[in-house]
Number of protein chains: 2
Amino acid sequence: MNFMAEALRQAKIGLKLGEVPVGAVITRDHKIISEACNLRETLKDPTAHAEIIAIRKASKILKNWRLNDCGMYVTLEPCIMCAGAILQCRISELYIGAFDPDAGACGSVINVLQNELLNHWTSIQWDCKKECSDMLKQFFKNKR
Amino acid sequence: MNFMAEALRQAKIGLKLGEVPVGAVITRDHKIISEACNLRETLKDPTAHAEIIAIRKASKILKNWRLNDCGMYVTLEPCIMCAGAILQCRISELYIGAFDPDAGACGSVINVLQNELLNHWTSIQWDCKKECSDMLKQFFKNKR
């Protein structure tokens, strides 16, 4: 199964709701545990990014705040809050669909996932897809 | 009203639940909008830090994800996730009761709240109280 395509499918759900189109999928043993799209405007909740919602769902399903053996696929480079949440739940592998030059916290503006001063290190795989960045570009173009 | 004392009262609620004792209070116009303690173990939710819960509550009450005109009082220096959430909701002033030399993201390990590359800058006031750090020290001593 193509997990980034599934994350992109989530992003499209967000787009239809008028949200910044970002989707995230959490996997374990090559199966999807949880998935979500950004719902910040819909829920009027500044923490309701796709990654945070997916993490909360996965923890609820696994009845554990530790997601050590899980991976995350996300269509846009996580912000500081979401990268921090990935550190908190100890997700081991992160796959990212597009760079965020404005607020990306996995290397673009700052890299909080690979800081030797912190007690957790996350593997980052750049799995850049034109469709991920195109969807965001189109969204912001339409907003102007 | 002493808002840090109120945050400390929240931390004590967390302590009684067996949580790492951290409390947070969000204010606007010198009044408390929301308050919370860390509930990570109780809720089995890695995002359920005091700051995140307080932000979600305040946004729900104000029906807005933007908390520009709010302040936050927290008994321990926020981690990367929580500092990132403070950036997301644009809280303007943060008062911190104790340093976190292991994971503090407001100057101790990293400072994500005052980074010129990001589009929001948060004022940080260190309002260190012996009671805030003593409660945490005692908690971790009892855990060993």
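Letters A, B, ... are given to chains in the order of the sequence lines, protein chains preceding strands, and every chain is numbered from 1.
- Side-chain heavy atoms closer than 4.5 Å link hydrophobic residues (I, L, V, M, F, W, Y) into clusters, and following such links, possibly through other members, connects V112(A) to F99(A).
- The greatest number of non-hydrogen atom pairs below 4.5 Å with chain A, out of I55(B), L67(B), L117(B), D45(B), is found for D45(B).
- Within residues 72-97 of chain A, the residues having any heavy atom closer than 4.5 Å to a heavy atom of chain B are C79(A), I80(A), M81(A), G84(A), A85(A), L87(A), Q88(A), C89(A), listed by residue number.
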What verdict does the side-chain contact (heavy atoms from CB on, under 4.5 Å) test give for I110(B) and I110(A), after you've listed the backbone C-alpha separation in whole Å, the side-chain angles of each residue and the deciding distance to 0.1 Å? CA-CA 11 Å; I110(B) 192 171; I110(A) 191 171; 3.9 Å; yes
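- With hydrophobic clusters built from ILVMFWY side chains whose heavy atoms lie under 4.5 angstrom apart, L62(B) does not share a cluster with I53(B).
- Transitive grouping of hydrophobic side chains (ILVMFWY, heavy atoms separated by less than 4.5 Å) keeps L118(B) and W65(B) in distinct clusters.
- Note: the hydrophobic cluster containing M135(B) also contains V20(B) (ILVMFWY, side chain heavy atoms under 4.5 Å, direct or indirect links).
- Only the backbone of N64(B) comes within contact range of chain A, with at least one heavy atom under 4.5 Å from a heavy atom of that chain.
- Using a 4.5 Å cut-off between side-chain heavy atoms of Ile, Leu, Val, Met, Phe, Trp and Tyr, with links allowed through other members, I32(A) and M4(A) fall into the same hydrophobic cluster.
- Within 6.0 Å of CG in N119(B) there are 12 or fewer heavy atoms belonging to other residues, nucleotides or ligands.
- Taking CD from E51(A) and OG1 from T47(B), the interatomic distance works out to 12.5 Å, rounded to the nearest 0.5 Å.
- With sequence neighbours left out, K44(B) forms a salt bridge (Lys or Arg N to Asp or Glu O under 4.0 Å) with no residue at all.
- With a 4.5 Å cut-off on non-hydrogen atoms, D102(A) touches chain B through its backbone but not through its side chain.
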